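Not measured: the values here are computed from a predicted model. Just so it is clear: chains get the letters A, B, ... in the order the sequence lines come, proteins before strands, and each one is counted from 1.
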Amino acid sequence: MGRLDLPFVVAFTVLMTIAPLFLNAYHVDVLNSIGLYALLALSLNLILGEAGLFNMGHAAFYAMGAYTAAILNTRYQIPILWTLPLSGLVAGLFALAVARPVVHLRGDYLLIVTIGVGEIVRIALVNDVFGITGGANGIFGISRPKLFGFVIRQPQHFYYLIWGFVALTIFLFYRLKQSRFGRALNYLREDEVAAEGSGVNTAYYKLAVFGLGAAWAGMAGTLFAAKMTIISPESFSFWESVVLFMIVILGGAGNMAGVLLASFLVIGLPELFREFSSARMLVFGLVMMIMMIVRPQGLLPARGR
Amino acid sequence: MDLLTLHHLTKTFGGLTAVKEVSFTVEKGAVVGLIGPNGAGKTTVFNLITGHYRPNQGDMVFDGVSLSDLRTHRIIALGIARTFQNIRLFQRLTALENVLAGRHYRMHSGILSAMLRLPAQRREEQEATDRALQELEFVGLGSQALTMARNLAYGDQRRLEIARALATEPRLLILDEPAGGMNEQETEALIGLIGRIQQRGVTILLIEHDMRLVMRACEKLVVLEYGGKIAEGPPEQVRHDPKVIEAYLGAEDEP
Amino acid sequence: MEEFFQQLTNGLAVGGIYALIALGYTMVYGVLKLINFAHGDLFTYGAYLGLTLLTSLALTDRLGFALGVLVLVLMVMGLVAVLGAILERAAYRPLRESPRLSAVVSALGASIFLQNTLMLIYGARFQVYPDDILPAATLHVFGLYLPLMRVLIVLASVLIMIALYLFIQKTKIGTAIRAAAIDQGAARLMGIDVNRVILLVFLLGPALGGVAGLMVGLYYGQINFTMGWVYGMKAFTAAILGGIGNIPGAMVGGLLLGVIEALGAAYISIAWKDAIAFLVLILILIVRPTGLLGERVADKV
Amino acid sequence: MKKQILTLVAAVGLALGGGVVQAADPVKIGLMAPLTGSWASEGQGMKKIVELLAEQQNAKGGVLGRKIEVVTEDDGGDPRTASLAAQRLTTKGVVAVIGTYGSSVTEASQTIYDEAGIPQIANGSTAIRLTEKGFKHFFRTAPRDDEQGRMAAQTIEKLGFKKIAILHDSTSYAKGLADEANALLKKQGAEVVFFDALTPGERDYTAILTKLKGANPDVVLFTGYYPEAGLLLRQKRSMGWPVPFIGGDATNNPDLVKSAGKEAAEGFYFLSPPQPQDLDTPEAKAFLADYQKKYHEAPASIWVVLAGDGFRVAAAGIAGAKSVDGDKVAEYLHKNLKGYSGLSGPISFDAKGDREGEVYRVYKVDAEGNFVMQKL
């Protein structure tokens with residue numbers, strides 16, 4: 001976790017665990033929203049931060065997962081949390097299929113292609129592709145998740161579901177980062193030619209990380225669908241991909257603590273700015289610029305160890 | 001016995017022929033130097049061997065296997081490792097992580113075993129780290145293991161690249177101007193290092209402009225000019241070859 | 001067949017605007033390797049400034065149609081160019097030595113800021129250009145209907161693009177821009193003032209974007225503060241399609257994208273039009289990874 | 001943190017007892033509206049009208065002897081932000097909520113208000129399903145899509161058109177209306193020669209118009225919103241194509257004429273609940289004058305006026321129930337509020353929370369750009 005010390009991590013964990021006891025439903029729900037974006041941003045961080053692949057279409061994978069879960073739940077009555085692995089799988093396989101022919105494209109070309117994939121998916125959802133996505137209406141009536149017979153309904157309940165998943169994600173990704181796989185992603189980001197020249201199958205890792213990041217985004221989509229009970233294409237717009245992209249870069253590409261911090265800022269700040277009413281997005285834009293200028297490497301740059 | 005054989009290798013870029021009908025062999029256990037004036041196509045030959053470029057014609061055979069259609073990481077896995085003329089380290093990673101890149105294809109654990117941190121994965125990581133530290137020690141960077149690559153001195157960066165290449169356990173090591181940018185003492189140390197690498201049973205093919213190094217370290221020289229081979233043989237013989245002398249006249253950048 | 005040609009002219013008119021905006025994208029990218037996501041918003045400013053100047057100064061009433069519009073064009077170009085230079089100074093220059101994507105995020109922040117500033121100044125409702133400024137004549141050629149203004153727009157775009165191309169290719173300053181695009185360090189060694197080149201690019205690109213905004217306002221009438229987002233994205237797509245950093249590429253990419261959209265809408269599906277355009281883009285990039293006119297640079301090893 | 005706990009306690013207290021709160025405390029009515037994003041102009045109009053009405057009501061002594069305080073939250077026109085805005089309003093102790101505009105945005109907030117026992121009166125959400133879920137606290141002053149679809153099909157029949165092109169914009173609302181009208185038109189024997197969607201937010205629709213023209217319809221039914229309608233009319237005119245257009249209620253906005261130009265807008269039909277100026281109640285007329293005086297413009301659209309009606313109904317509900325208890329207010333609105341004189345006409349709610357009675361009228365744009373109610 002880079003420069004974060006153990007006491008800090010412990011303090012943060014304790015604080016997050018007891019936070020709902022002191023907060024009202026609105027604030028808990030803001031934290032839920034932050035948690036979902038943190039989850040998505042962590043998954044994008046694998047692709048964009050760790051492997052350095054410009055992906056500005058992450059919402060497509062998120063949508064794949066959310067729709068898979070929603071369709072399975074509303075059509076086949078499969079409990080929503082059971083769909084978690086399957087929506088991850090669908091999103092991951094979809095990512096592999098689309099990334100396969102384009103993943104070798106460089107920087108900005110890959111960027112526009114991922115934007116394109118995101119838009120194609122959104123347009124397909126709007127146009128009710130295969131007659132299963134509900135068009136612009138989306139899918140509604142998704143049942144509340146149940147965990148060991150307990151129905152998750154209140155924001156406080158979702159809080160523990162979502163942030164529990166975030167904690168698990170950080171735990172697993174942290175291990176991944178310190179493994180052969182994680183290092184291979186860093187080699188890719190730093191110097192693709194040297195990576196290949198050291199015996200790393202770069203094409204394989206590019207695909208693998210797209211698949212893994214997308215699968216995780218897909219699972220986040222399931223949680224989103226469970227929480228909202230209704231999903232529609234506008235929740236997966238290009239703007240969502242842009243927000244995720246900003247979170248990762250602002251946080252410091254490749255640093256999970258930074259990504260977490262940036263999720264709090266990018267999702268939390270507009271809520272704090274609510275008092276500014278119609279000027280709140282203006283303030284938000286300004287803050288993004290200033291933060292980037294003050295900390296050009298990101299809030300918490302990807303280490304020196 | 002020949003470890004690597006090049007047969008009539010040709011590579012063109014657009015209308016320019018960078019390498020023309022080049023053939024030579026690298027004998028097992030030898031140190032072979034590839035020399036020639038700037039722009040003679042030396043680095044291109046290396047890039048062909050390691051699969052960064054595809055030859056237009058000809059073939060390369062390494063220990064009985066043709067390299068022509070293989071991707072780079074497959075070629076590395078066969079036992080060829082290289083360094084780059086303009087140092088290509090993973091700048092924002094530590095020296096240790098750089099060397100671990102060389103261990104990569106020798107390891108097997110994937111996403112799941114890393115996430116679950118299975119015993120086999122942990123053992124593998126430990127072994128790889130040990131081996132990487134040994135290689136750092138071997139090239140004299142043992143104390144710099146946790147330094148970020150971009151913070152190393154220039155000569156140290158060159159040696160780190162060699163350590164990374166050695167970590168792949170190559171049978172053939174290809175060095176592209178290993179003494180480039182080094183001072184006299186560093187070059188001297190490098191000659192020693194090359195000797196020790198050879199003692200490990202690794203065959204070496206190198207490009208170098210520093211003629212003292214070439215003459216001392218190499219058992220055989222191959223001379224290129226304008227993409228074609230003009231001479232091949234032991235250093236003493238090549239040195240007196242009139243074609244070589246002619247090629248180096250005026251183009252000579254060594255005193 | 002008639003419908004086909006009609007759709008072709010429809011596409012070219014839309015594509016001409018895309019191309020003008022794409023030029024700004026591509027020039028900035030060429031020199032700075034920066035995707036200026038706020039470029040689309042400069043286009044919007046062109047439209048709004050044009051409207052304000054037009055109504056407050058009553059240019060066309062005082063100077064007549066042709067001269068009035070010409071003065072308007074020059075004023076808008078000048079103002080948006082200054083805005084572009086300020087943007088560069090405020091949002092990008094401090095990030096010149098930073099990772100590329102940091103500047104992209106700063107650009108996104110700038111885009112949000114610029115959009116919402118407009119909303120606060122002009123309100124969220126769309127604004128409308130007075131509809132009695134332009135001659136409403138429509139030409140009928142071979143059964144095609146060609147509103148005079150569309151013809152003028154396409155002509156003006158093409159002329160501006162040719163002028164820009166000649167400027168870049170034939171003048172000394174243009175050579176400096178090209179040199180800085182290839183290698184800033186080397187250009188600096190050759191005595192080129194790279195900062196001046198960057199400033200120039202940030203004057204020229206936004207000026208062209210601003211003119212495109214003005215054209216959109218004059219012709220379509222309706223402008224709103226978010227329109228730069230859509231046009232900017234299309235222009236970015238066009239620039240990539242042609243090969244980003246390449247000026248003729250931006251022109252070709254823009255016109256082609258307009259035509260693909262029109263024909264996609266006409267012969268496949270209107271609702272899927274944007275998806276079709278992106279699909280074509282992706283297919284082209286699979287075949288030509290650096291766009292239609294982009295240089296195919298091999299990785300230097 | 002302490003302050004938040006206090007707010008929470010206060011909110012709980014308010015929800016539980018109501019009576020324990022001092023009489024001097026204002027009654028809070030929430031407004032959830034898109035103050036930013038694509039529909040910011042609607043949202044800001046909604047804010048203006050509700051604030052003006054609250055001002056007037058307070059001048060008359062408020063409700064239950066207490067002042068009314070309007071608490072506005074931005075839903076950004078997007079479901080996720082809306083669910084946060086809804087959570088925030090519930091924690092601020094509002095008695096009732098007005099809003100919001102888009103159906104899917106409203107939908108994201110419905111459950112939250114219902115579970116908190118706060119009556120919600122939507123003003124722009126016409127999707128049928130919103131009132132089919134059995135929520136006890138949900139109402140809307142806007143009519144439903146199926147009613148408008150029926151009205152569209154009827155109007156087209158009365159006007160005598162046989163070959164119809166239908167164009168929507170893929171939004172939930174426009175697609176729903178288009179589908180509804182499509183089915184009904186086919187049933188009554190009309191020929192639908194074209195059915196497709198444009199992409200909202202663009203400027204140039206000539207490619208679509210060229211294709212439409214190729215289908216050669218008698219009339220085009222466009223179910224999308226006024227910005228695109230304005231552009232379509234203008235570009236249609238420059239093509240020299242005289243086909244009549246009929247729009248849905250989302251085209252009811254004076255900006256339509258501004259955008260299209262008077263010549264191009266002339267003859268455009270659209271459906272809408274009656275505008276304030278077409279109501280002859282003295283109340284509506286007086287209010288319009290006040291609005292004009294305060295903001296120097298007419299309400300941005302009918303949806304703004306329906307938000308105003310939402311506020312009036314909420315206030316009437318609280319006054320009628322003589323309580324700030326959400327359940328009681330909702331019950332009063334369901335059972336006792338009949339024929340309430342709203343700005344947009346008489347208002348009564350059925351058991352589902354839908355507005356009763358025929359609401360839609362047909363309008364036509366005249367040469368001066370005025371919206372003239374038609375008697376068909």
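Using a cut-off of 4.0 Å between Lys/Arg side-chain N and Asp/Glu carboxylate O, B:Glu125 and A:Arg180 are scored as not salt-bridged.
Within the 4.5 angstrom heavy-atom criterion, no atom of B:Thr50 approaches chain A. For a residue to count as touching a neighbouring chain, one of its non-hydrogen atoms must lie under 4.5 Å from one of that chain's; by this rule B:Ala81 does not touch chain A. Contact of B:Gln121 with chain A is made through the side chain alone, with heavy-atom distances under 4.5 Å. A:Tyr205 touches chain B through its side chain: at least one heavy atom from C-beta onward sits under 4.5 Å away, while N, CA, C and O do not. Interface remark: B:Leu116 contributes backbone atoms only to the contact with chain A (heavy atom separation under 4.5 Å). Within the 4.5 angstrom heavy-atom criterion, atoms from both the backbone and the side chain of B:Arg117 approach chain A.
Counting only heavy atoms from C-beta outward, the side chains of B:Leu93 and A:Tyr187 approach each other to under 4.5 Å.
Atom CG of residue A:Leu188 and atom CZ of residue B:Phe90 lie 8.5 Å apart, to the nearest 0.5 angstrom. B:Thr94 OG1 to A:Arg183 CZ: the interatomic distance, rounded to the nearest 0.5 Å, is 9.5 Å. Atom CG of B:Leu112 is separated from atom CG of A:Leu212 by 10.0 Å, given to the nearest 0.5 angstrom. Here CZ of A:Arg189 is found 12.5 Å from CD of B:Gln91. Values are rounded to the nearest 0.5 Å. With rounding to the nearest 0.5 angstrom, the NZ atom of A:Lys177 is 13.0 Å from the CE atom of B:Met115.
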- Item | side chain to side chain contact (heavy atoms under 4.5 Å, CB included) assessment of B:Glu97 paired with A:Glu190 | CA-CA 12 Å; B:Glu97 285 169 310; A:Glu190 293 294 315; over 6 Å; no

- With side chain to side chain contact (heavy atoms under 4.5 Å, CB included) as the test, would you mind laying out the steps for A:Val200 and B:His73 before giving the verdict? CA-CA 6 Å; A:Val200 178; B:His73 69 273; 5.9 Å; no

- Check the pair B:Leu89 / A:Asp191 against side chain to side chain contact (heavy atoms under 4.5 Å, CB included), numbers first and verdict last. CA-CA 7 Å; B:Leu89 287 167; A:Asp191 190 332; over 6 Å; no

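Most heavy-atom pairs under 4.5 Å with chain A: of the set B:Arg122, B:Glu161, B:His108, B:Glu124, this distinction falls to B:His108. For the options A:Ser198, A:Ser179, A:Ala195, heavy-atom pairs under 4.5 Å to chain B are most numerous at A:Ser198.
Near-neighbour residues of residues 47-66 of chain A relative to chain B, defined by a heavy atom under 4.5 Å from a heavy atom of that chain, are none.
Between B:Ala114 and A:Leu176 the shortest heavy-atom distance is CB-CD1, 3.9 Å.
Between the side chains of A:Asn201 and B:Arg71, at least one donor N or O lies within less than 3.5 Å of an accepting N or O.
Under a cut-off of 6.0 angstrom, the local environment of CZ in B:Arg196 is crowded, with over 12 non-hydrogen atoms contributed by other residues, nucleotides or ligands.
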